[in-house]
Each structure stands twice: as structure tokens, then as C-alpha cells.
Amino acid sequence: MGVTLRLEDIRHEYPPTEESGAVQALSEVDLQIDSGDFAVLMGPSGSGKSTLLNVIGAVDRPTGGTLHFGDRDIAAADSRELTLLRRKRIGFVFQFFHLIPTFTVRENVAFPLHLLKEKASDIAPRVAAILAEIGLTERASHYPNELSGGEMQRVAIARAVIHEPDLILADEPTGNLDTKTGDTILELIREIHLRRRPTIVMATHSERTAAYGDYVIDVLDGSAARR
């Protein structure tokens with residue numbers, strides 16, 4: 001499991017609006033993140049790290065350059081191919097969880113497998129296994145508004161890994177949690193990395209959070225460089 005990411009001369013520009021001109025969010029980014037690495041994008045708000053994460057995750061299309069996801073240049077892929085890539089090979093963890101409020105814990109975790117049209121008979125045991133892994137078996141029938149922030153983020157992590165993606169992207173995954181709960185979440189992400197060996201790219205502005213990764217990529221003013 002895992003995938004090598006290679007970015008060459010990646011640029012991303014947001015088009016002008018009525019209020020402002022065009023914004024160059026990324027400029028000539030050259031990076032390689034090897035398969036199975038746990039890389040941390042670190043920089044202040046507005047540095048370009050979230051844009052870089054979105055480009056890596058095929059959410060935003062770069063304005064220029066090449067982005068190799070394994071042996072495929074996804075910067076040149078069409079929208080259908082990018083949708084399938086996100087569903088099959090990428091897992092996302094967000095600061096604000098983004099759970100479906102009308103779904104139970106079990107249903108939220110199972111959702112990526114339903115998108116992939118997996119058999120119901122296969123989905124149930126996989127969901128049960130991962131809920132046991134993250135310690136939420138007894139909360140399987142609860143709804144998001146019945147959970148603590150830490151529990152919601154654990155559900156979000158389970159949803160991100162249930163389909164065994166090659167790449168996990170985490171955008172400020174502890175930014176909405178207190179320090180103690182945040183440390184628990186970071187330890188869970190690290191454990192998942194050690195057990196499953198996906199490539200992980202996590203964005204943060206915190207040195208404390210960055211310490212959980214293998215290495216740091218500093219992002220500032222749209223440029224990025226590994227320490």
C-alpha cells in the first residue's frame with residue numbers, strides 16, 4: 001500500500017474576482033513524497049498548504065506543471081478519472097469532520113464502500129472490524145450529534161481508511177480539538193500509518209502536530225521545500 005507522489009513545476013492560480021485580481025497560490029513547486037511516507041505540510045494560514053493538499057488530492061486542478069500519482073500524471077486526467085481516483089485511492093480527513101448528520105456512525109464509515117458499489121455482505125464485517133480498531137463499536141448506532149469531537153474525528157478517520165486507500169490526506173485534523181484529544185487523534189493516525197503503510201500527507205501550522213510525521217515540508221508564499 002502507498003503511492004509515490006512527484007510534483008514538478010506545480011502552479012495554481014485562482015482567477016480574478018470582482019473584489020480582487022488573480023491570486024498565485026502555488027508557484028513552481030517541486031516535491032517528491034515516496035510511497036509509505038508520512039509527510040507534513042507546515043506553514044501559516046494563507047501560505048498555500050491547503051491549496052497544495054487539494055492539488056495533491058485531485059480536488060483542485062493545477063494551473064501548470066505535472067503531478068504524478070504513481071506512474072500517472074493526474075494533472076492531465078479528465079474529471080471522471082479524477083473522481084474515480086478520489087473514491088478508490090484517496091482518503092480525506094478534515095478539521096471539521098464533515099460527517100453526514102443523518103447517518104449513524106456505522107453508515108458514515110460504510111459510505112465510501114457504497115460509492116464503490118461493494119456488496120452489502122462484504123461491507124458489514126469491514127465496518128465492524130474498523131470500528132473495533134478505533135474503539136467505537138459501542139457507538140456504531142449513534143449519530144454525529146451524539147458524539148464528542150474526538151469521537152467524530154475517529155469516525156472520520158475510519159471513513160478515510162475503510163476502502164484501504166494508497167493516500168490519506170489530513171487537513172488540520174486536530175485544529176478543532178483540545179490538546180489532549182488532539183494528541184490521541186494524532187497517535188491514531190500514526191498507528192494507522194505504521195500498520196497499513198499508506199502514504200500520508202498532513203497539513204498543519206503546529207510544530208507539535210508536525211512531530212508525528214516522518215518529515216516536514218515547509219510551505220510559504222506558495223513555495224514548498226523539504227527541511
Side-chain angles (χ1 to χ4, degrees), residues 14 25 38-60 86 90-112 115 127 130-163 165 167-196 198-220 224:
Y14 290 107
F38 187 163
V40 178
L41 306 179
M42 187 168 178
S45 297
S47 62
K49 62 183 185 298
S50 290
T51 300
L52 181 54
L53 203 69
N54 286 339
V55 167
I56 291 171
V59 175
D60 289 343
R86 290 191 299 268
I90 304 175
F92 295 89
V93 181
F94 305 98
Q95 178 178 348
F96 294 104
F97 321 130
H98 294 318
L99 300 179
I100 301 170
T102 56
F103 281 15
T104 64
V105 166
R106 183 185 293 108
E107 291 166 339
N108 268 284
V109 174
F111 188 62
L115 287 178
V127 171
I130 202 162
L131 288 179
E133 185 177 338
I134 64 169
L136 286 180
T137 298
E138 294 182 358
R139 308 290 265 169
S141 298
H142 287 69
Y143 290 89
N145 65 357
E146 299 173 311
L147 305 177
S148 68
E151 288 172 334
M152 283 192 283
Q153 193 60 295
R154 279 193 275 165
V155 174
I157 291 169
R159 180 184 60 188
V161 304
I162 187 70
H163 57 301
L167 174 65
I168 296 173
L169 302 178
D171 193 1
E172 299 279 6
T174 62
N176 203 34
L177 303 171
D178 63 77
T179 301
K180 182 178 179 181
T181 304
D183 286 348
T184 300
I185 292 300
L186 291 168
E187 287 165 6
L188 176 58
I189 293 173
R190 186 66 179 169
E191 287 170 8
I192 286 170
H193 179 248
L194 292 172
R195 284 197 299 267
R196 298 169 181 258
T199 303
I200 297 180
V201 184
M202 178 173 68
T204 185
H205 64 274
S206 164
E207 289 281 1
R208 181 188 182 97
T209 300
Y212 283 83
D214 295 336
Y215 55 84
V216 171
I217 296 168
D218 288 307
V219 183
L220 186 64

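One is the number of the first residue; the rest follow in order along the sequence.
- Side-chain contact check for L167 versus R86: every heavy-atom pair is 4.5 Å or farther apart.
- L169 and G57 make their closest contact through CD1-CA, 3.3 Å (heavy atoms, listed as atom of the first residue, atom of the second, distance).
- Atom CG in D183 sits 8.0 Å away from atom OG1 in T174 (nearest 0.5 Å).
- Taking the charged nitrogens against the carboxylate oxygens, E133 and R154 have no contact shorter than 4.0 Å, which rules out a salt bridge.
- Contact of the N108 side chain with the P144 side chain is registered, since non-hydrogen atoms from C-beta on lie closer than 4.5 Å.
- H163 approaches I90 most closely through the heavy-atom pair NE2-O, 3.0 Å.
- The shortest non-hydrogen separation linking P173 to M202 is CG-SD, 3.7 Å.
- Among all heavy-atom pairs drawn from G48 and V219, the shortest one is C-CG1, 3.8 Å.
- Side-chain contact between I217 and V40 is absent, with no heavy-atom pair separated by less than 4.5 Å.
- Within the model, atoms CD1 of I200 and CZ of F38 stand 5.0 Å from one another, a figure rounded to the nearest 0.5 Å.
- Listed by first then second residue, pairs satisfying side chain to side chain donor-acceptor pair (under 3.5 Å) with a partner in residues 46-58 read Y14-T51, S50-D171, not counting sequence neighbours.
- Using a 4.5 Å heavy-atom cutoff, the side chains of Y212 and E187 are in contact.
- Once rounded to the nearest 0.5 Å, the distance linking CD1 of I157 with CD of E191 reads 10.0 Å.
- When all heavy atoms of I192 and P198 are compared, the pair lying nearest together is O-CD, 4.0 Å.
- When side chains are defined from C-beta on, E172 counts as touching H205, because their heavy atoms get closer than 4.5 Å.
- When all heavy atoms of P101 and Y143 are compared, the closest pair comes out as O-CD2, 3.7 Å.
- Rounded to the nearest 0.5 Å, atoms CE (M42) and CG (L220) are 11.5 Å apart.
- Remark: the backbone N or O of G150 is not paired with any side-chain donor or acceptor of Q153 at under 3.5 angstrom.
- Annotation: side chain of I185 is in contact with side chain of L177 (closest heavy-atom distance under 4.5 Å).
- With rounding to the nearest 0.5 angstrom, the CD atom of E151 is 11.5 Å from the CG atom of L99.
- With H142 as the fixed residue, the side-chain hydrogen bond (donor to acceptor under 3.5 Å, both in side chains) test singles out one of R139, E138, E146: R139.
- Rounding to the nearest 0.5 Å places CG of L53 at 8.0 Å from CZ of F92.
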After noting the C-alpha distance and the side-chain angles of R159 and I130, does the key distance pass the side-chain contact (heavy atoms from CB on, under 4.5 Å) rule? CA-CA 9 Å; R159 180 184 60 188; I130 202 162; over 6 Å; no

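- Side chains of I100 and F111 form a contact here, defined as non-hydrogen atoms less than 4.5 Å apart.
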